[in-house]
Amino acid sequence: MSSNPMVRAEHIVKRFGSHEVLKDISVTVERGQVACLIGPSGSGKSTFLRCINHLESINGGRLWVDGDLMGYRQRGDKLYEMSPKEVSRQRADIGMVFQSFNLFPHMTVLENIIEAPTRVKNVKKQAAVATAMQLLDRVGLAHKAKVYPGHLSGGQQQRVAIARALAMEPKLMLFDEPTSALDPELVGEVLDVMKGLAQSGMTMIVVTHEIGFAREVGDSLFFMDGGVIVESGDPREVLANPQHQRTQSFLSKVL
Amino acid sequence: MTDSRDSSVQESSTAPIKAVKLRHPLRTTFAVVIALLVVAFVWDAATREAYQWPLVAQYLFDRRITQAALITLTLTVLSMILAIVMGLVLAVMRLSDNPVLKAVSWTYLWLFRGTPVYVQLVFWGLLGTIYRSVTIGIPFTDVAFFTAAPFEFIDLFWLAVLGLAFNEAAYMAEIVRGGILSVPRGQDEAARALGMSWRQTMLRIIVPQSMRVIIPPTGNEVISMLKTTSLVTALGFSLELYARTRAISAQIYATVPLLIVASIWYLLVTSILMVGQYYLEKYYARGVSPQRATETEPTQTASFAAVEPDGTGAAGGSDTIATSKGEHR
Ligand SMILES: Nc1ncnc2c1ncn2[C@@H]1O[C@H](COP(=O)(O)OP(=O)(O)OP(=O)(O)O)[C@@H](O)[C@H]1O
Ligand SMILES: [Mg+2]
């Protein structure tokens, strides 16, 4: 079903003032696939992820998730801005994991996870708790349910953040450098959870500097520089045999 | 090296350290001097005629005084509640993307922080005279929908609450704004990425976290409000503690003992409010990592200092941002 991808981005343009951060980005991610996004700092990777769930609105192009135009409704040739409520509803189906975890520090791990399901999707508290405990079990942290995030290690916090995103039963997961803030010995436990998620068939877009992860788990790889996709393709091929000089020089630095 | 080793010095091991405590001779002398001065002052005050201690004892629990103390406390609490709600609204307006709301909030702060509270209270008292009647209609025509005297039936007590709250709201707005800005941006992003609405994000995520920064200076404001209530005679209200004690002292020709009575009550109420603040702070410190929790003390005094002198929270805001950065690793 290549005609019905999970994410279709066409000619995305994003400007901050006069600074054009994304210049004509086109990306397609099929259902159940893992797309990895690599590139130097400031190339616009985070901005692109944030455009996908409409945390940033785009200035040009079109972006569909699961066949729905994000943030706008199209009637004929005209685009109509969606209300904040409708945008929130679209976002609720897209999970996002951040470099700095962004757990809610004033809530316990369990409260973090059930907050959105109970408030946004009106799931009954009991059901939400049951789901949360299953998810915590899945990321190996069921024993930390009653703990505040400040008492967890970085790796544990990131696994909770993943569980929190999964609690909304998303159809797509966005990861923005999920292991970059972690001590080296903690990277593995987070990547393992992500691998498991990929194997379960989740569609994922992962911004990462973990080339090993991209090679092993990725179905496609996009190399981004200066707001454009310089090169893309099968991760193993691109990594082994980069065609562009910019890709080559970037890879020589991170490998 | 071996020859310099003194055999009487303990070898390093896990045994507890036995050492002679460092002495602080200067500190000790200072404490003794102060203690002597205090004793001398108290002794003198206890025996000095002018204080008229029997009168203090007689009026401390006078019905009029206790009632006035209760009214002062009520005035403080009600005007602070209103001020906090208004301050929250003003702060959110100031932080919104809407230029109209921003401008309204800015103008409000400019007006109410730029004029003395005493002057404002006098104005509140005169509102009834200035707006004897107000007519709603179409301008430059004779069409009038209705005419009313809006301030005719407002009780002086409530006018005092409004007058105090409107002034205080301007200061609370800056404190709340500093608090909201102290919450890392990632919190707002994480909440919105989960599909939470702006309202939910504010009420469930941002505001609770900003409380830790908001409460200490707000406690300061409450205590300062308690004392500001003594100015409401400016609009003609005279049942609060200070006006009441002045009235009684005028009757019995004794100023000092009633000032002491008033001070005792102000101190008592302040102490009660401070206990309340302690528990609130403890509640909102939950989830803060243990070593951070012990650090909060100097941070709070720092943001106090920055907010207090001119009442502009702007300095307090940036200060609290700086401290919160440290917390977010
Ligand atoms: N809200 C914003 N306002 C103005 N400029 C922004 C904003 N967000 C990002 N930028 C700019 O857009 C450019 C791309 O930023 P982005 O965060 O997307 O890069 P990145 O590829 O994720 O980099 P990194 O690897 O450092 O995370 C940068 O030059 C950044 O300064
Ligand atoms: Mg980034």
Side-chain angles (χ1 to χ4, degrees), chain A residues 46 49-50 52-56 83-109 111-122 147-154 157 161 164-170 173-174 176 181-183, chain B residues 92 95-98 101 179-180 182-215 279-296 299 320-321 323-329:
Chain A
S46 298
L49 273 199
R50 294 156 51 79
I52 294 177
N53 66 358
H54 209 71
L55 279 178
E56 301 284 0
S83 71
K85 211 172 164 183
E86 291 168 300
V87 175
S88 291
R89 202 171 300 141
Q90 286 189 320
R91 277 196 203 114
D93 291 336
I94 303 173
M96 190 163 198
V97 174
F98 304 87
Q99 180 174 351
S100 48
F101 327 132
N102 297 350
L103 292 177
F104 306 134
H106 59 305
M107 298 180 178
T108 63
V109 164
E111 287 165 348
N112 262 276
I113 299 177
I114 65 172
E115 178 68 14
T118 53
R119 308 253 160 202
V120 178
K121 289 173 75 176
N122 295 318
V147 168
Y148 285 100
H151 296 271
L152 299 179
S153 75
Q157 289 193 45
R164 178 176 72 177
L166 291 177
M168 291 298 282
E169 299 175 327
M173 285 285 284
L174 309 174
D176 192 357
L182 297 178
D183 293 335
Chain B
V92 169
L95 291 170
S96 76
D97 315 322
N98 184 329
L101 295 183
I180 290 176
S182 77
V183 179
R185 257 190 65 185
Q187 291 292 310
D188 171 77
E189 277 186 357
R192 285 194 299 147
L194 284 164
M196 293 173 77
S197 68
W198 181 86
R199 240 181 78 94
Q200 287 171 328
T201 304
M202 268 295 166
L203 291 179
R204 297 285 307 167
I205 309 299
I206 307 295
V207 171
Q209 286 186 64
S210 62
M211 281 301 178
R212 218 166 43 80
V213 171
I214 290 175
I215 287 173
Y279 283 104
L280 265 181
E281 275 179 28
K282 231 171 114 169
Y283 175 75
Y284 281 107
R286 71 192 192 284
V288 179
S289 57
Q291 88 263 20
R292 171 75 192 163
T294 55
E295 277 171 32
T296 49
T299 311
T320 48
I321 294 165
T323 51
S324 77
K325 282 249 176 66
E327 167 200 6
H328 201 71
R329 40 210 191 104

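Protein chains get the first letters and strands the later ones, always in sequence-line order, with residue 1 at the start of each. The shown structure was predicted, so the numbers you read here are calculated from the model rather than taken from an experiment.
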> As an exercise: rank Val87(A), Thr108(A), Leu103(A) by heavy-atom pairs under 4.5 Å with chain B and give me the winner.
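Highest number of pairs under 4.5 Å: Leu103(A).
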
> So which of Gln200(B), Arg192(B), Arg204(B) has the biggest tally of heavy-atom pairs under 4.5 Å with chain A?
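Going by pairs under 4.5 Å, I would pick Arg204(B).
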
> Identify which part of Gln90(A) has an atom lying under 4.5 Å from any heavy atom of chain B, answering side chain, backbone, both or neither.
neither

> Give the minimum heavy-atom separation between Ile180(B) and Ser210(B), together with the two atoms involved.
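Closest approach of Ile180(B) to Ser210(B): N-CB, 3.7 Å.
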
> For a 4.5 angstrom cut-off between non-hydrogen side-chain atoms, does Val109(A) reach Phe104(A)?
no

> For Arg185(B), which residues count as a salt bridge (Lys or Arg N to Asp or Glu O under 4.0 Å) partner, sequence neighbours excluded?
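For Arg185(B) the salt bridge (Lys or Arg N to Asp or Glu O under 4.0 Å) partners, ignoring immediate neighbours, are Glu189(B).
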
> Under a 4.5 Å heavy-atom cut-off, does chain B meet the side chain of Arg89(A), its backbone, both or neither?
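No part of Arg89(A) comes within 4.5 Å of chain B.
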
> With respect to chain B, which residue among Leu55(A), Val97(A), Asn53(A) yields the maximal number of heavy-atom pairs within a distance under 4.5 Å?
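Of Leu55(A), Val97(A), Asn53(A), Leu55(A) has the most heavy-atom pairs under 4.5 Å with chain B.
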
> Using salt bridge (charged side-chain N to carboxylate O under 4.0 Å, His left out), reason through Arg212(B) and Glu281(B) one step at a time and then give a plain yes or no.
CA-CA 7 Å; Arg212(B) 218 166 43 80; Glu281(B) 275 179 28; over 6 Å; no

> Looking at side-chain heavy atoms only, is the closest gap between Met196(B) and Arg91(A) below 4.5 Å?
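Side-chain contact under 4.5 Å: no.
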
> At a heavy-atom separation under 4.5 Å, does Phe98(A) approach chain B through its side chain, its backbone, both, or neither?
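Just its side chain gets close to chain B.
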
> Looking at Glu115(A), Lys121(A), Lys85(A), which has the largest count of heavy-atom pairs under 4.5 Å with chain B?
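Between Glu115(A), Lys121(A), Lys85(A), the count favours Glu115(A).
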
> Who pairs with His106(A) by ring pair (Phe, Tyr, Trp, His ring centres under 6.0 Å), at least two apart in sequence or on another chain?
none

> Arg50(A) versus chain B, heavy atoms under 4.5 Å apart: side chain, backbone, both or neither?
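Only the side chain of Arg50(A) comes within 4.5 Å of chain B.
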
